[in-house]
Amino acid sequence: MGLAALEYKARFALHLRCDNCMRESILPLDIPQVDFAPSDIEELTEDAALNGLRYHCRHCSCTVGRIFQITDGVNHARF
């Protein structure tokens with residue numbers, strides 16, 4: 001039963017740019033294995049899962065960042 005909680009339906013990499021210092025960062029986003037969860041980038045952009053994310057720039061502490069790209073996180077080496 002504990003293994004089921006560790007399985008993910010999809011993994012994405014959110015590429016963010018700070019509105020203050022303009023530095024870029026990558027935030028991994030794991031989507032749990034639940035009904036109606038997004039499984040690809042198109043479904044993720046239409047889903048409300050992005051609304052609850054919090055951003056905090058590690059360089060300048062700004063809390064406003066913008067997503068400029070979403071990639072498949074499974075093969076992303078910069079996590």
Walk me through it: do Ile26 and Leu14 pass the test side chain to side chain contact (heavy atoms under 4.5 Å, CB included)?
CA-CA 6 Å; Ile26 298 174; Leu14 304 180; over 6 Å; no
Determine which pairs satisfy salt bridge (charged side-chain N to carboxylate O under 4.0 Å, His left out) with at least one residue from residues 27-48, sequence neighbours left out, and list them in order.
Arg11-Asp30
Mind listing the side-chain donor-acceptor pairs of residues 49-59 below 3.5 Å, one per line with the distance, residues two or more places apart or on another chain?
from  : atom 1 : to    : atom 2 : distance (Å)
His59 : ND1    : Arg23 : NH1    : 2.9

Are more than 12 heavy atoms from other residues, nucleotides or ligands located less than 6.0 Å from atom CZ of Phe36?
no
Testing the basics here: between [X] and [Y], what is the closest heavy-atom pair and its distance to 0.1 Å?
X     : Y     : result
Phe12 : Ile41 : CE2-N, 3.7 Å
Cys18 : Cys60 : SG-SG, 3.6 Å
Lys9  : Ser39 : CE-CB, 3.8 Å

With sequence neighbours left out, the residues meeting salt bridge (charged side-chain N to carboxylate O under 4.0 Å, His left out) with Arg17 are Glu24
Side-chain contact test, heavy atoms from C-beta onward, threshold under 4.5 Å: evaluate it for His15 versus Ile67 and give yes or no.
no
Taking the side chain as every heavy atom from C-beta outward, state whether Asp19 and Arg66 have any atom pair closer than 4.5 Å.
yes
Would you please name every residue forming a side-chain hydrogen bond (donor to acceptor under 3.5 Å, both in side chains) with Thr45, sequence neighbours left out?
none
Residues at least two apart in sequence or cross-chain that pass side-chain hydrogen bond (donor to acceptor under 3.5 Å, both in side chains) with Asn20, listed by chain then number, are none
